[in-house]
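Read the structure below first, then the notes.
Counting starts at 1 for both ligands and their atoms, in listed order. Positions are given from 1 along the sequence. As the structure is a prediction and not an experimental result, all values here were calculated from the model.
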Amino acid sequence: MTQPTAAMRSAMAGAAVGDDVYGEDPTVNRLEALGGELTGKEAALFVPSGTMANLLAIMSVCSRGDEYICGQEAHCYRLEGGGAAVLGSVQPQPLTFQADGTLDLGQVAEFIKPDDPHCARTRLLCLENTQGGKVLPLSYLAQAGELCRERGLSLHLDGARVANAAVVLGVPLEEVTRQVDSVSLCLSKGLGAPAGSLLCGRSEVVAIARRWRKVLGGGMRQAGVLAAAGIVALTREMSRLAMDHENARILAEGVAGVDELEVTWSSTNMLFIRVSGGREGELTAWLKARGILVGGRGSLRLVTHRDVAREDLERVVREVKGFFR
Ligand SMILES: *Cc1c(COP(=O)(O)O)cnc(C)c1O
């Protein structure tokens, strides 16, 4: 929902560009170097979307007949059109997320298939951070990393919102991504760039992903125009996320007093609301008619971002209360 910032627009206008399919776009190269540095990975690849970043992570590690373990509600399983199966011939093994957004590692271990021609070969574990706005504990990521190393799995993190996690934990991004072999990082959600994600990881894996990116039609020519906005996103927008988290907390407190609502807020930029009597759709339409956009499937999902100001929160609370009056 965010609009590119003035700094992004001027960086885009002045960006030096070349042909990125030949690796000759200096601005894309600068963005990829920066992504690798921030996540503590050897290499990074600029891709059009988070969906492609996750798909490339899976396809670069898993071949035909392999499988990846993920959450039942994981974006890379549920909300990416089944791309790993459709385009990679890779089967998912979904498990139910626990209330805190983690997967039970005992259960993950149980679902790693034996070396047996009856079974797909389990190659990869995918986690998501933040998951539904919930930050995974660093100690949990360390345990997941240990399990994957022990059992010979790769570990991928869908980090569309991993910058939010780093801000809440108060640690550099690379500390959150230390345990994983690859991480996708969205430049266009909370960080505000108009488009693009990065897939960061080991050089060999990113080299395979670069090949698949071309196969999928994601090789872009003078993509430096977009990468320039991504550089601004990574260098200037990360620390600002704390404001979104604070705004989400204020919003959650504001609407918590309404009897008909059940409000859940964890620690980042999202809150989820259930409306008594199943009136979610009605409330969404009421708010939309008043210029307030709310998403969600089942429960409502309210997301704060750089274009939602502190003053706007009061109006949201007022309109929600108005609906019930
Ligand atoms: C948005 C999102 C993606 C996919 O990003 P797109 O750029 O929309 O393809 C992946 N994972 C999570 C957790 C997301 O929220």
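- Using a 4.0 Å cutoff on heavy atoms, E80 counts as a contact of ligand 1.
- Because its NZ or CZ atom is not both nearer than 6.0 Å to the ring centre of W212 and within 45° of the ring axis, R210 does not count as a cation-pi partner of that residue.
- Here the closest non-hydrogen pair linking Y77 and Q72 is CD2-O, 3.4 Å.
- Of the N and O atoms on the side chains of D116 and H118, at least one donor lies less than 3.5 Å from an acceptor on the other residue.
- Between T51 and ligand 1, at least one pair of N/O atoms sits closer than 3.5 Å.
- The closest side-chain heavy-atom distance from V320 to W286 is not below 4.5 Å.
- Note on K189 versus D244: no salt bridge recorded, every NZ/NE/NH1/NH2 to OD/OE distance being 4.0 Å or above.
- Here's the thing with K189: one of its N/O atoms is less than 3.5 angstrom from an N/O atom of ligand 1.
- Numbered from 1 in the order shown, with element, the atoms of ligand 1 that lie under 4.0 Å from a heavy atom of E128 read 13 (C).
- Short contacts between ligand 1 and A160, defined as distances under 4.0 Å to a heavy atom of the residue, involve ligand atoms 2 (C), 11 (N), 12 (C), 13 (C), 14 (C), 15 (O).
- R249 has a carboxylate O that lies under 4.0 Å from a charged side-chain N of E253, or vice versa, which qualifies the two as a salt bridge.
- Residue contacts with ligand 1: D158 is placed with a nitrogen or oxygen under 3.5 Å of a nitrogen or oxygen of the ligand (distance criterion only).
- For atom 5 (O) of ligand 1, the closest non-hydrogen atom on the protein side is G50 CA, 3.4 Å.
- Residue contacts with ligand 1: R161 is included, with a non-hydrogen atom under 4.0 Å away.
- Side chains of T39 and E174: a donor-acceptor N/O pair is absent below 3.5 angstrom, by distance only.
- Taking a cut-off of under 4.0 Å to the non-hydrogen atoms of S49, the atoms of ligand 1 that pass are 7 (O), 9 (O).
- No side-chain donor-acceptor contact under 3.5 Å links T130 and N164.
- When the heavy-atom distances from atom 4 (C) of ligand 1 to H75, Q131, E73, R78 are ranked, the shortest goes to H75.
- Contacts with ligand 1 closer than 4.0 Å are made by side-chain heavy atoms of N54 only, the backbone lying farther away.
- Taking distance alone, with nitrogen or oxygen atoms compared against 3.5 Å, C186 stays at or beyond that limit from ligand 1.
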